[in-house]
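Here's the structure, in structure tokens; my notes come after.
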Amino acid sequence: MCGIAGRVALEGGPDRALLARQLDALVHRGPDGSGMHLDGEIALGMRRLAVIDVEHGQQPLYSEDGTVVVVGNGELYEHRAQQAQLEARGHVFATGSDIEIVVHLYEEHGIDVVHHLHGMFAIALWDAARGRLLLARDRMGKKPLLWAGPRPGVLVFGSEARAVLADPDVPRTLDLEALDATLATQYVPPDRTPWAAVRPLPPGGRLVWETADAVPRTDVWWSPTFGPKRRLRMADAAAELRVLLQDAVTRRLEAEVPVGAFLSGGLDSSAVVAAMARAGGDPVRTFSARFSEAGYDEGPHARAVADHCGTLHTELHIGPIDADGLLDLVRRVGTPLADPAVVPAFQLAALAAEHVTVVLTGDGGDELLAGYRRHHQLAWTRPAQALPAGLRRRLPVPPGLPPRVRRLAGLLALDPDHRYADLFRHFREADRQLLYGERLRPLLTAGRPLRAVEDAWAAGAGLAWTDRLLACDQAAYLPGDLLPKADLTSMAHGLELRSPLLDQELVDWAGRLPPRLKRRGAAGKLVLKAAVAPWLPPEIPGRPKQGFAVPVGAWLRGPLSELAHDVLLDRRIADRGLLDPAGTAATLAAHLRGEDRSAVLWSMLVLELWCRTALDEDAVPDRPELLCR
């Protein structure tokens, strides 16, 4: 696990000082060392978090003749077997690093090397003989890789936007459409960043740049598939899943450093921890978050799983984050990710990093096997499709219904292609009208804040209903919110996260699984529940999904109310022009009177704090007092 960065340019030669600045911006991702390669047109660098071949696995890594060089971020899980095969074909290895297999596989397969890599990765490879730069990202988008082409003949890249922006050639103009979408959904769309000039390579994406024309060419070399479907009984599918999950977990236990797990008490993380315990060896170190607020705490369930599996369990009690802590979190995450679960994820990663270097998580189970409540909610609206659109839009919504039921009833008025996207919306249209400042107001008519989800839904046309929901989640929500949250909060503390449920073999298997084995009625992840029931306490598989919810509404009325007041009513709101001062003040007052405006306020608070850390010249890391100046 590392952070990588670099620059290729037809003219001027590599700039060591610039590459050093890029790597300095990524030191949190790799506290164990750094490496550079500068030659001709190319500058490649990395910051290393040592996990595999701790003593000798420093990067960059080279082919035998030195003409192919690679830096990489992530872990490749089949590297020992592949190394043996490559050595049998005459390749010579200098280290036991998993990333070294990339240069030798590239010698055999060229840019199709990506199809032979099993794991999570972002790689940058330079082929001096061909004057070719290859950038590539893993199938699901677990590891980030961003790039910019600031002018003809130049390409800059890095694991985070701050490494790309270390190059003064890259403009720092905001992408207002990305910010519009971020306010609406609480995450930056997976195909954008807050910066107009900086773009992420897509999950399963590849970029090739060659000195012959210096034009970046991108494509997607892999995307999920949902067929052909297999004919399976539940018992047989559950038995297959147990084997796949155990193999995926065992692969991810390879490390020369301590390995632990995040344990929420939900089904996915509990399944991973149970598989870790069954793999043998020392007792598993597990870490869970606790909340004092009723309805948010899963601690007793996590403790039951820990006791059942014999883990060494540590709990972290999550309270309201203070002003300095929130500013530090936003600065270190580096993007306006407003999913409130960032707070416990960031704090839990800090705790885990004191004890282990690698952590396994349960990420991906809901997106593979239909575990979200919204999957059932959308299915609830399907019968209404028999009604004419005009009638659906005029259906009365009885007063006095709970807010959740009123929202579902309101979905009936929407066209099917917009309903699922609407379930991700936090900023409603009325919120945009009230709260957008002069810079964002043109997007009220021209913007499509839910575009990423709408386009992903449209791309799934022709799939079975459940598969279409999952394809949409895997294209939008997973790479937009969950995976960046996991990567950025963990790497802020030099902690590597691994996701067994997103193993490529398990993903392919789940895509071919009949939908009836994933979801029935309001119950999801049926096959996973059946698979791991023998491994877990009896109450865990049947628990309803709770999610990693955070009581920000209560925090903003209580211990964070002063922070929200000081930030959202500050003169900089008006000066920046993104938010409307009067609307912002009215929304804050409404929340303090008892109306739940927490999602809207939290998104605005995170956005403004991100602007102070990323835009304001005086917002420097050693001056947290600037938060409320």
Side-chain angles (χ1 to χ4, degrees), residues 4-16 18-19 22-23 35-46 59-74 91 99-117 121-139 141 143-159 163-171 191 193 197-223:
I4 64 173
R7 185 177 190 265
V8 62
L10 284 179
E11 299 178 356
D15 185 333
R16 180 177 294 273
L18 171 57
L19 183 58
Q22 290 185 276
L23 297 180
M36 293 183 181
H37 173 83
L38 300 103
D39 181 56
E41 302 91 348
I42 190 70
L44 291 178
M46 56 81 65
Q59 299 179 31
L61 294 160
Y62 297 86
S63 60
E64 296 92 336
D65 63 3
T67 62
V68 179
V69 55
V70 70
V71 292
N73 168 27
H91 293 271
I99 299 297
E100 191 177 352
I101 67 169
V102 176
V103 294
H104 301 289
L105 287 170
Y106 174 83
E107 289 178 304
E108 297 202 352
H109 304 287
I111 65 171
D112 287 332
V113 60
V114 290
H115 296 285
H116 301 269
L117 304 180
F121 59 86
I123 60 170
L125 179 146
W126 175 250
D127 180 345
R130 293 176 175 83
R132 174 191 291 167
L133 174 69
L134 169 66
L135 304 180
R137 195 172 174 206
D138 67 68
R139 292 165 177 79
K143 304 317 300 174
L145 189 55
L146 301 94
W147 66 280
R151 54 187 172 84
V154 176
L155 188 137
V156 186
F157 63 89
S159 294
V164 179
L165 293 166
D167 188 330
D169 278 348
V170 179
D191 61 344
T193 76
V198 183
R199 286 289 178 265
L201 203 60
R206 173 173 56 187
L207 181 151
V208 177
W209 184 103
E210 296 182 330
T211 54
D213 57 14
V215 174
R217 294 181 174 84
T218 62
D219 69 348
V220 174
W221 59 271
W222 182 92
S223 56

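It should be emphasised that the depicted structure is a prediction, and the values quoted were computed from it without experimental measurement. FYI, side chains are in, hydrogens and waters are out, and symmetry mates aren't considered; it's all heavy atoms of this structure. Position 1 is the first residue of the sequence, and the numbers go up from there.
Checked by atom type and distance alone, the side chain of Gln22 pairs as donor or acceptor with a backbone atom of Ala163 at under 3.5 Å. No side-chain donor-acceptor contact under 3.5 Å links Glu41 to the backbone of Gly131.
Residues passing the side-chain contact (heavy atoms from CB on, under 4.5 Å) test with Asp219 are Arg206, sequence neighbours excluded. Every residue two or more places apart in sequence or in another chain that forms a ring pair (Phe, Tyr, Trp, His ring centres under 6.0 Å) with His37 is listed here: Tyr62. In this structure Arg16 satisfies the salt bridge (charged side-chain N to carboxylate O under 4.0 Å, His left out) test with no other residue, sequence neighbours excluded. The salt bridge (charged side-chain N to carboxylate O under 4.0 Å, His left out) check on Arg7 picks up Asp167, Asp169, with sequence neighbours excluded. Remark: Asp65 pairs with no residue by the salt bridge (charged side-chain N to carboxylate O under 4.0 Å, His left out) rule, at least two apart or across chains. With sequence neighbours left out, the salt bridge (charged side-chain N to carboxylate O under 4.0 Å, His left out) criterion links Glu64 to no other residue.
Taking 4.5 Å as the limit, some side-chain heavy atom of Leu125 sits within range of a side-chain heavy atom of Val68. Counting heavy atoms from C-beta outward, Asp127 and Leu134 have side chains that stay 4.5 Å or more apart. Annotation: side chain of Ser63 is not in contact with side chain of Val70 (no heavy-atom distance under 4.5 Å). Residues Pro150 and Val156 meet the side-chain proximity criterion, which asks for heavy atoms closer than 4.5 Å.
Closest heavy-atom contact between Phe157 and Leu133: CE2-CD2, 4.1 Å. When all heavy atoms of Ala214 and Pro216 are compared, the pair lying nearest together is O-CD, 3.9 Å. Phe121 and Val114 get closest at one heavy-atom pair: CZ-O, 4.5 Å. Shown here for Leu135 and Leu155, the closest heavy-atom pair between the two residues is CD1-CD2, 4.1 Å. Of all heavy-atom pairs spanning Arg199 and Thr193, the tightest one is NH1-N, 4.0 Å. Heavy atoms only, all atoms of each residue included: Leu146 and Ser159 are closest at CD1-O, 3.3 Å.
Between Leu38 atom CG and Asp15 atom CG the span is 8.5 Å, to the nearest 0.5 Å. The CE atom of Met36 lies 4.5 Å from the CG atom of Leu19; values are rounded to the nearest 0.5 Å. Rounding to the nearest 0.5 angstrom, the gap separating the CG atom in Leu61 from the CG atom in Leu44 is 11.5 Å. If you take CG on Leu117 and NE2 on His109, they are separated by 9.5 Å, rounding to the nearest 0.5 Å. Distance check: Arg151 CZ to Glu11 CD gives 8.0 Å after rounding to the nearest 0.5 Å. Arg130 contributes atom CZ, which lies 10.5 Å from atom CD1 of Ile111 (distance to the nearest 0.5 angstrom).
Aromatic ring orientation, His115 versus Trp221: perpendicular (interplanar angle above 60°, classes split at 30° and 60°).
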Exercise. Going through the distances and angles, do His91 and Glu108 end up as a side-chain contact (heavy atoms from CB on, under 4.5 Å)?
Worked result: CA-CA 10 Å; His91 293 271; Glu108 297 202 352; 2.9 Å; yes
Exercise. Under the side-chain contact (heavy atoms from CB on, under 4.5 Å) criterion, do Asp39 and Val69 qualify, and how do the steps go?
Worked result: CA-CA 11 Å; Asp39 181 56; Val69 55; over 6 Å; no
For this session: Decide side-chain contact (heavy atoms from CB on, under 4.5 Å) for Thr211 and Leu10; before the verdict, give the C-alpha distance in whole Å, the side-chain angles of both, and the deciding distance to 0.1 Å.
Result: CA-CA 7 Å; Thr211 54; Leu10 284 179; 4.0 Å; yes
